[in-house]
Number of protein chains: 2
Amino acid sequence: MEKIKIPKATAKRLPLYYRYLIILNEEGKDKVSSTELSEAVQVDSASIRRDFSYFGALGKRGYGYDVKNLLTFFKKILNQDTLTNVALIGVGNLGRALLNYNFKRSNNIRISCAFDINKEITGRILSGVPVYDMSDLKQQLSDQQISIAILTVPSTAAQKTTDEMVDAGVKGIMNFTPIRLSAPADVRVQNVDLATELQTLIYFLNSEKQNNEN
Amino acid sequence: MEKIKIPKATAKRLPLYYRYLIILNEEGKDKVSSTELSEAVQVDSASIRRDFSYFGALGKRGYGYDVKNLLTFFKKILNQDTLTNVALIGVGNLGRALLNYNFKRSNNIRISCAFDINKEITGRILSGVPVYDMSDLKQQLSDQQISIAILTVPSTAAQKTTDEMVDAGVKGIMNFTPIRLSAPADVRVQNVDLATELQTLIYFLNSEKQNNEN
DNA sequence: AAGTGCTTGATTGCACATTCACAAACATTT
DNA sequence: AAATGTTTGTGAATGTGCAATCAAGCACTT
């Protein structure tokens, strides 16, 4: 494939575009303009055109973008043409919710195995996904060649589990624990910190309130 | 309070600092340097000092920062001195997981009411939180003066529910649906888009792999 | 009390990202 | 075929955050 260098900020928006393109396609739409896309995904239309232009001239002036064209293009870019298997580490409340979350429908992602230490659920199949004991982590991950994991273990076990995953060859971690994991540079950690985000929201609301009062 | 203007990026890091300060305080530590903090929260030490300096001179040169001082200061800044009540809209798998999530411990946030349309759970109390019918939304939110809500309803109901919440005076929404909500400018929407983040992670991994191969 | 080492706080330059504004290019109408 | 309207793609300006650097100030030792 091409060796184009895409800005981080752009890369984060690609899945957003992709999802809306799927909807447009299902609705039978043939073309879409940057202005129209802008309203749906709430990104400035100029930014959209800029984002798209990193990949070359995808649109037609005076016409817009061809939905099917864009769709097949993004499908490749985002590796949506092949199913991506990921692992779920830690089957607590949040873990169970994620097991039931349908990543496959619009993202072609599937949780193909889960791990926990709780003997009551290991060895069973939950929501169609086999739950293994933590001691099988390395074996299973390498066998299934899984390079992406979702981490939903208690904070106390976060770093230890991370070390094991890294050891097993995991290259991407979606971290739901509040701990900032330390991992080698070639392992990408995406933090999803629910409490922090809520708190940030509260902070912004209160500071805006103050501005309004002044 | 002061009318200081804090960069977005800084504001997002504040809860992170706060959480680690709590830990330090529990460990009985009196002082902390920006370098030490840096390792724990994985933010450049210069950035930490810059972040802190927005609020004035909090530290002592050649010494570091006084943990208790910082803690009480951030507690006020982040409104952690008073309990913040939030509402949970939509009690599905994810909603239930969030009900069990302990926001109170280190964040002084509490889910004080939940809403759903499922007659099997409305009128009951789940994980200590009363679940009301959706039709009581406006009444309850205004009665309890709740201005922050967590949205975990199906995509199809997202916008309609948002309109109702806005109508009821909600000013901050943590949106777990993949829909980009439209809301008045004074309502802050924080998107937590799990599928998108996973997909971004996959994209980065694959593009890095390509770079390594070249 | 003088000197040494450490840490903050501020300045500066840099890199990245967003937005504006408009020419170029195409579609459509007359 | 000419004129008009629409939409892209991009140069340039602006905004935003990050990283390196260093003087000022404090603690601690001798």
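Quick note on labels: first sequence line is chain A, next is B, and so on, each numbered from 1. In this text, all values refer to a predicted model and were calculated from it rather than measured experimentally.
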Would you tabulate the nitrogen or oxygen pairs shorter than 3.5 Å linking the protein to nucleotides 22-26 of chain D?
from   : atom 1 : to    : atom 2 : distance (Å)
D/dA24 : N3     : B/R61 : NH1    : 3.0
D/dG25 : N2     : B/G62 : N      : 3.4
D/dC26 : O4'    : B/R61 : O      : 3.2

Please list, for nucleotides 12-16 of chain D, all pairs of protein and nucleotide N/O atoms separated by less than 3.5 Å.
from   : atom 1 : to    : atom 2 : distance (Å)
D/dA12 : N6     : A/R50 : NH2    : 3.0

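Applying the side-chain contact (heavy atoms from CB on, under 4.5 Å) criterion to B/T72, with sequence neighbours excluded, gives no partner residue. With sequence neighbours left out, A/T10 forms a side-chain hydrogen bond (donor to acceptor under 3.5 Å, both in side chains) with A/D51.
A cation-pi arrangement is found for B/K31 relative to B/Y63, the charged atom lying closer than 6.0 Å to the ring centre and inside a 45° cone about the ring normal.
The ring-ring contact (aromatic ring centres under 6.0 Å, His included) pairs that include a residue from residues 86-105 of chain B are B/Y101-B/F103, where partners are two or more places apart or lie in different chains.
One interatomic measurement links the two molecules: CD1 of A/I48 to C1' of C/dC20, which rounds to 16 Å at whole-angstrom precision. The distance between atom CZ of B/F52 and atom C1' of D/dC18, rounded to the nearest whole Å, is 17 Å. Atom CG in A/D44 sits roughly 12 Å away from atom P in D/dT8 (whole-Å rounding). Distance, A/I6 CD1 to C/dA15 P: 19 Å, rounded to whole Å.
A tilted orientation is assigned to the rings of A/Y17 and A/F74, their planes being inclined by 30° to 60°.
Note that CG of A/L205 is 9.5 Å distant from NZ of B/K171, once rounded to the nearest 0.5 Å.
The stretch residues 23-39 of chain A has no heavy atom under 4.0 Å from DNA chain C, so no residue of it qualifies as close.
Between the side chain of B/N102 and the main chain of B/K104, a donor-acceptor pair closer than 3.5 Å is present.
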